[in-house]
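Working notes, structure below.
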Amino acid sequence: MTTADATGSSLQSDADRLVPAVPYVPPRPVPLSPLAALIRTAAQGEGNLLSLLPAAAYRLPVTHLGYSRRSILLVNEPELLRGIMTDPTDIYPKNDLMVGALEPLVGDSIFVSSGAKWRRQRDMIDPAFSHIRLTRAFTSMSAAVDDYEVQLDQLASKGEPFSLDMAMSNLTADIICRTVFSTSLQTQIARDVFDAFEIFERSAAQVELKALIFDPPFKKIRQHQPVLDACERIRFHLGELVDSHMNAAAEAFNDIASACIAARDQESGCPFSRKELVDQLGVLFLAGHETTASALTWLFFILSVRPEVVARIRAEVDEVVGDGPVAFEHVKQLRYVRNVFRETLRLYPPITFVPRVAMEPTRIGKFKVKRGAMIMISPWTTHRHRKLWRDPEVFDPDRFLPEREHELTPGAYLPFGMGPRTCVGAGFAQTEASLIIARLVRRFDFSALEPDKVRPVARLTTRPVQQIQCRAKRRIN
Ligand code: HEM
């Protein structure tokens, strides 16, 4: 007999006993006045836009961020957000600063393009993320977690500390390599792509506060040479992977890359060119691993300091899965796991800001907007907004329970964006995250070495300022 029932109910009561009297507020910059926030940011010397956000950004529907040469409007109000993100006239395309920063890596691909070009790309890429593809991808995801468990076992038996950030980046990159290209991260090409990507992540100019503050609208940004070199290396290898797929028999691969290669423009019947394929697959590598890695880093950090959350996850996994392998059908039933992931995405949305630019003079709420103004859609502040959430800073996965749904403000939760540009990979990410959480929590305990030092920073994604060092311990059942 599996001990699911017995273990489940005893763990549940353990979990109940572990419920803390004091609600948990995970690390965040305390909102300050604009001047105090500016001084804090300068003192920290990290160029951290999160520290620069004034308290008003967490309580007003729209805030004018006054410290930039270009006008920056940060929008929180759900109706205004909807208007911007679903605008059919295309006056709010992706922001030029972001597009310029990503262009050397991903060209004019789905993440950055706009108008008819974007529509065509989206129509061609959507089928690669259909439900049926996701069930196939699940097998590759599980194989990556198998390998990762072996590595973690070794670290746990030696008691060696490791970087949680790097562990999650490696695991999610491995999953992307296997599901997109049918190759594991252990191959030389994949490893080289990953290493070059680390350079891009650390130094891409998108995240430079200096450009945001001092540059006028539409000024072309210059990436640093090491970043350009890294992009060239990544694109070279992506080209090799595309070629290996194109030169093989049609049925040789059954992965996301082959679905993109097989895609046809609905009107012309044309496929993506080789360059377009490299662009699109670059985006899938970038958007497909870095985001999930960011969320899982925060999630496992929170678990490392909240044993009552860990106990409830274990109880649920025992009840739904028992002792056997975690299957695709289980994932939907892991409701508490899903809510823990959702709540982590609320407090630490991987894409901290989703910047757009106004291509013509317009109006947002009571604000007049000039051409070239930066429109900051900010999951970070919207998700922590005083008027949109009850106890916004508190980590409370149960706020997503159906019986508490009435407490949620429609349109105030947008980790995957909203409207036509919603994330293509949202279902993929949720499935992958539930699988990883269920499997790793079932077998390991995590403990962060210096939890009090952890602080968030907005880089390419929302990250800890310093990588989080932690230890894993094999759980004794
Ligand atoms: C927790 C994980 C993830 C989060 C939080 C996330 C979030 C987002 C957000 C906020 C956007 C932009 C929406 C906008 O600009 O309006 C986006 C777009 C996109 N994401 Fe994700 N994403 C995640 C995982 C993934 C994965 C796993 C993939 C693919 C394997 C992916 C592929 C894309 C693509 C291709 C776009 C561009 C869509 C378009 O413009 O039409 N993402 N994502």
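In listed order, ligands and their atoms are each counted from 1.
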Note: ligand 1 atoms sitting under 4.0 Å from heavy atoms of Val354 are 14 (C), 15 (O), 16 (O)
So that I can tick it off, tell me whether Glu232 and Arg235 are bridged by a salt bridge, with the cut-off set at under 4.0 angstrom between side-chain N and carboxylate O.
no
Per-atom filter on ligand 1: closer than 4.0 angstrom to a heavy atom of Trp118 are 39 (C), 40 (O), 41 (O)
(Q) Could you tell me if Gln333 and His330 have a donor-acceptor pair between their side chains, going purely by distance under 3.5 Å? (A) no
Find out whether Glu198 and Phe194 are in side-chain contact, i.e. whether some heavy atom of one side chain is under 4.5 Å from a heavy atom of the other. yes
Atom 30 (C) of ligand 1: closest protein heavy atom, distance to 0.1 Å, is Phe129 CE2, 3.5 Å
Ranking Ala128, Pro415, Pro355, Pro93 by closest non-hydrogen atom to atom 5 (C) of ligand 1, top hit is Pro415
Counting from 1 in the order shown, the ligand 1 atoms closer than 4.0 Å to a non-hydrogen atom of Ile110 are 35 (C), 39 (C), 40 (O), 41 (O)
*Short N-O contact, Arg133 and Asp255, less than 4.0 angstrom*: no
With the side chain counted from C-beta on, respond yes when Asn76 and Leu74 share a heavy-atom pair under 4.5 Å apart, and no when they do not.
-> yes
### N-O pairing of Arg463 and Glu290 below 4.0 Å
yes
Less than 4.0 angstrom from a charged side-chain N to a carboxylate O is my criterion; do Arg312 and Asp398 meet it?
yes
Notebook entry, point to check: Just by distance, do the side chain of His385 and the backbone of Thr381 share a donor-acceptor pair under 3.5 Å?
Noted result: no
Checking heavy atoms under 4.0 Å, the part of Glu432 that sits near ligand 1 is neither
Quick check: do Leu284 and Ile176 have side-chain heavy atoms less than 4.5 Å from each other? no
Per-atom filter on ligand 1: closer than 4.0 angstrom to a heavy atom of Pro350 are 5 (C)
Residue pairs meeting side-chain hydrogen bond (donor to acceptor under 3.5 Å, both in side chains), one or both in residues 355-376, sequence neighbours left out, come to none
The atoms of ligand 1 lying under 4.0 Å from a heavy atom of Met85, numbered in the order shown, are 16 (O)
Under 4.0 Å from one or more heavy atoms of Thr292, ligand 1 contributes atoms 2 (C)
Which atom pairs, donor and acceptor, lie under 3.5 Å between side-chain atoms of residues 144-152 and protein residues at least two apart or in another chain?
| residue | atom | partner | partner atom | Å |
| --- | --- | --- | --- | --- |
| Asp146 | OD1 | Arg439 | NH1 | 3.1 |
| Asp146 | OD1 | Arg439 | NH2 | 2.7 |
| Asp147 | OD2 | Arg178 | NH2 | 2.7 |
| Glu149 | OE1 | Arg439 | NH2 | 3.4 |
| Glu149 | OE1 | Arg443 | NH1 | 2.5 |

query = Taking C-beta and beyond as the side chain, do Val340 and Ile437 meet within less than 4.5 Å on heavy atoms?
reply = no
Near atom 21 (Fe) of ligand 1 (protein N/O/S, cut-off 2.8 Å, waters excluded) we have Cys423 SG
Contacts satisfying salt bridge (Lys or Arg N to Asp or Glu O under 4.0 Å) that involve residues 377-387 (not counting sequence neighbours) are Arg384-Glu393, Arg386-Glu393
- Task: For Asp165 and Thr297, test the side chains for any donor-to-acceptor distance below 3.5 angstrom and give the result as yes or no.
- Result: no
Ranked by distance from atom 13 (C) of ligand 1, the top protein heavy atom is Arg421 O, 3.3 Å
So the atoms of ligand 1 within less than 4.0 Å of a heavy atom of Phe428 turn out to be 27 (C)
Note: Arg356, heavy atoms under 4.0 Å from ligand 1, region reported as side chain
- Task: Mark the output for Lys94 as yes if a heavy-atom distance to ligand 1 is under 4.0 Å, and as no if none is.
- Result: yes
heavy-atom search around atom 18 (C) of ligand 1 in the protein gives Phe111 CE1, 3.4 Å
Residue, atom and distance of the protein heavy atom nearest atom 35 (C) of ligand 1 read Val283 CG1, 3.8 Å
Note: heavy atom closest to atom 39 (C) of ligand 1, options His289, Gln280, Arg122, belongs to Arg122
